[in-house]
Trainee: 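I'd like to ask you about the structure that follows.
In what follows, every chain begins at residue 1, and chains take the letters A, B, ... in the order their sequences are listed. Below, all heavy atoms of this structure are taken into account, side chains as well, without hydrogens, waters or symmetry copies. Just so you know, these numbers come straight off a predicted model, no measurement behind them.
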2 protein chains.
Amino acid sequence: MQNILFDFISKYISLTEEEKNAILSLDIFRSMKKGATLLKEGQKSNDSYFVLKGCIRTYYVLDGEEKTTAFYTEMEALTPYCVISKTPSQYFISCIEDTLLLVTNSDMEERVNSQFPKFDIMCRLFSAEVLAKNKIDFDEFKTSSPEQRYLNLLQKRPDLIQRVPQRQLASYLGIKPESLSRLRARIMEKDKK
Amino acid sequence: MQNILFDFISKYISLTEEEKNAILSLDIFRSMKKGATLLKEGQKSNDSYFVLKGCIRTYYVLDGEEKTTAFYTEMEALTPYCVISKTPSQYFISCIEDTLLLVTNSDMEERVNSQFPKFDIMCRLFSAEVLAKNKIDFDEFKTSSPEQRYLNLLQKRPDLIQRVPQRQLASYLGIKPESLSRLRARIMEKDKK
DNA sequence: TTAATTTCTTAACTTAAGTTAACGAGTTCC
DNA sequence: GGAACTCGTTAACTTAAGTTAAGAAATTAA
């Protein structure tokens, strides 16, 4: 279980045994059940999440409707905006599957990072990478139609389409569930020909 | 001119005179003319940008059409994905106005950061903040209609609507220029009532 | 300053997403 | 086991974005 984490970290920095032990001693591994809620709208929090196994999502409740905007799966991290801004969260975070997470809080991070400055470097490298990738994703979203987005997802993250309920997938694609159904039927029809 | 930068940095860390001088000695200030191109599709680069004054945009050329996906104005930073991935860029970057920039390359950053580990901390804090904000922006985009996006932009970044050509604004909002024109006319009509 | 080019707007038409409603197939909960 | 709910799909209808085209306005280049 730890190995998943250390393999991931090794992509950015190399760790000594001492540093590995420091991480393990933090007791940040958390196992969550499907459906469990990590953060609620209106709530304040200092916790960041890193998914080792499973899947979590962020969603808003707008006009009584859930709008799922993002999924985080293996080796993806999320620091909610409320952690940065110290304001109540605008969105919910919950587990779509049984999920194994790292949960860290900002105090803990500051402490460890000041003890091991190397972690600052890792965080910098990791977030620069995620930032640049997010931009590409956002750009792609802006420049394509719902149908193209769906086909694109089918290529790049076929697993998501399997593991996520359709209605969540729909709002992730920026459309209504009925439109996703129709769009899928349209694609099937084309494929037949 | 430097003060703009140091004021900004002071939001994250405090700098000694030595550290300030180290930054200044890097010779990273660049003044660009309106229309100048910073990065082209297909090109490799190690340069990151930080806008001190003016405005730059990123755009793709798809089917011979320019698709502008992002604008960066005062105190906003961009590290292109090609810098991270070491692959040719998928998008262009150019100046919409006469622009004053910091241009840093990754070697330079590594050197300075290793000399002043404090900079790693700053980069970590800054990118964590930008990352969390980008997520909110993306979420907002997904959960709203083109018209809502435009009204939202009118609230949050009225300056952009002034300084940016309509057709660039349209693709930034994920629609065609004709749709933006129509949408604006629709809003005007509503306002009249 | 004029000519050329690009930009913005408007209009008519097409296409697809939003909306509302209905139905069958699971799920969850008494 | 049955009732209440939720989920995914389909259909009919509404609304708005995409497309094509044309003309006026603004920019740019000669």
Trainee: Which pairs with one or both residues in residues 21-33 of chain B pass side-chain hydrogen bond (donor to acceptor under 3.5 Å, both in side chains), sequence neighbours excluded?
Mentor: none
Trainee: Please list all pairs meeting side-chain hydrogen bond (donor to acceptor under 3.5 Å, both in side chains) that have one or both residues in residues 114-123 of chain A, counting only residues at least two apart or in different chains.
Mentor: A/Glu19-A/Lys118, A/Asn113-A/Asp120, A/Asp120-B/Arg124
Trainee: Can you pull out every ring pair (Phe, Tyr, Trp, His ring centres under 6.0 Å) where at least one residue sits in residues 4-24 of chain B? Sequence neighbours excluded, please.
Mentor: B/Phe8-B/Tyr12, B/Phe8-B/Phe50, B/Phe8-B/Phe126, B/Tyr12-B/Phe126
Trainee: Quick one: side chain to side chain contact (heavy atoms under 4.5 Å, CB included) partners of B/Ala170, sequence neighbours excluded?
Mentor: B/Ile175, B/Pro177, B/Leu180
Trainee: Who pairs with A/Arg157 by side chain to side chain contact (heavy atoms under 4.5 Å, CB included), at least two apart in sequence or on another chain?
Mentor: A/Thr73, A/Glu76, A/Leu153, A/Asp159, A/Leu160
Trainee: Among pairs that include at least one residue of residues 19-44 of chain A, which meet ring pair (Phe, Tyr, Trp, His ring centres under 6.0 Å), considering only residues two or more places apart or in two chains?
Mentor: none
Trainee: N/O contacts under 3.5 Å, protein versus nucleotides 12-18 of chain C?
Mentor:
residue: C/dA17; atom: OP2; partner: A/Arg186; partner atom: NH1; Å: 3.0
residue: C/dA17; atom: OP2; partner: A/Arg186; partner atom: NH2; Å: 3.1
residue: C/dG18; atom: OP2; partner: A/Lys176; partner atom: N; Å: 3.2
residue: C/dG18; atom: OP2; partner: A/Ser179; partner atom: OG; Å: 2.7
residue: C/dG18; atom: N7; partner: A/Arg182; partner atom: NH2; Å: 3.0
residue: C/dG18; atom: O6; partner: A/Arg182; partner atom: NH1; Å: 3.0

Trainee: Quick one: which protein N/O atoms are closer than 3.5 Å to N/O atoms of nucleotides 4-9 of chain D? Pair and distance per line, please.
Mentor:
residue: D/dG8; atom: OP1; partner: A/Gln166; partner atom: N; Å: 2.8
residue: D/dG8; atom: OP2; partner: A/Arg167; partner atom: N; Å: 3.1
residue: D/dT9; atom: OP2; partner: A/Ser181; partner atom: OG; Å: 2.7
residue: D/dT9; atom: O5'; partner: A/Ser181; partner atom: OG; Å: 3.3

Trainee: Could you pull out all residues at least two apart from B/Thr58 that satisfy side chain to side chain contact (heavy atoms under 4.5 Å, CB included)?
Mentor: A/Lys135, B/Thr69, B/Ala70, B/Tyr72, B/Leu78, B/Tyr91, B/Ile93
Trainee: What's the verdict on side-chain hydrogen bond (donor to acceptor under 3.5 Å, both in side chains) for B/Ser89 and B/Gln43, showing C-alpha distance, side-chain angles and the deciding distance?
Mentor: CA-CA 5 Å; B/Ser89 179; B/Gln43 205 173 300; over 6 Å; no
Trainee: Among pairs that include at least one residue of residues 148-177 of chain A, which meet ring pair (Phe, Tyr, Trp, His ring centres under 6.0 Å), considering only residues two or more places apart or in two chains?
Mentor: A/Phe71-A/Tyr172
Trainee: B/Ala36: which residues meet the side chain to side chain contact (heavy atoms under 4.5 Å, CB included) condition with it, sequence neighbours left out?
Mentor: B/Met32, B/Cys95
Trainee: For the helix from C/dT1-D/dA30 to C/dC30-D/dG1, what angle separates the axis at the start from the axis at the finish, each from five pairs, in steps of 10°?
Mentor: 60°
